[in-house]
Every structure is written in structure tokens, then in C-alpha cells.
Amino acid sequence: MYTKFKIGSTDQCPCAAGAMTAEHLLQTCPLYKVLRKRFWSQPPSLQNKLFGCLDDLRRTATFARETQATI
């Protein structure tokens, strides 16, 4: 959101390991590693998380809500 719309004061994730992007949040952010494992025992591709079947999208939306990440 910061890169496109300049929402927030920085694009950096609170983990300081990268920019707060959908890919970072869903795939690599260390703050949500345990939560990711709870939702996906075998991590699917980012493509499946964002454009998969209805079950995939529901799981992604629930994961995003539970992170309580802010922009």
C-alpha cells in the first residue's frame, strides 16, 4: 500500500526483514511463520493463495485477518 498509495509512513514490515507486501506477509515474514504453518502445513504458491479455489481464498483471507497486520 505504501508503494502505490503512500499509505503509512514506510513500506517496511515491523519484522525489519523486508517490505510489507502481500508476498512478504503470505510467504516469508518471520512474524507470521507459526500462523502460516497453522493454515498451510505444506505452503502453496503465492498464486494459489491469491487466485486459487474458493477454499484457498477463504484460508488466505482468514490468515490475513488473524495477522492483524496494519498498513
_Which atom of M20 lies closest to which atom of P14, heavy atoms considered_ = CE-CD, 3.9 Å

Just distance, no hydrogens or angles: give the donor-acceptor pairs under 3.5 Å from side chains in residues 49-58, sequence neighbours left out.
unit_1, atom_1, unit_2, atom_2, d
K49, NZ, L26, O, 2.6
K49, NZ, Q27, OE1, 2.5
D55, OD2, R59, NH2, 3.4
D56, OD2, C53, N, 3.3

*Can you list the residues that meet the salt bridge (Lys or Arg N to Asp or Glu O under 4.0 Å) rule with E23, with sequence neighbours excluded?*
none

_If we ignore hydrogens and angles and just use 3.5 Å, is the side chain of R36 paired with the main-chain N or O of C29 as donor and acceptor?_
yes

*Distance (rounded to the nearest 0.5 Å) between R38 CZ and Y32 OH*: 13.0 Å

_According to ring-ring contact (aromatic ring centres under 6.0 Å, His included), who are the partners of F39, at least two apart in sequence or on a separate chain?_
F63

*Can you find a pair of side-chain heavy atoms, one from P43 and one from K37, that are under 4.5 Å apart?*
no

_To check you understand the geometry: which heavy-atom pair defines the closest contact between L25 and A69, and what is its length?_
CD1-CB, 4.1 Å

*Atom CG in D11, atom NE2 in H24: separation rounded to 0.5 Å?*
10.5 Å

*What is the minimum heavy-atom distance between E66 and L35, and which atoms define it?*
OE1-CD1, 3.7 Å

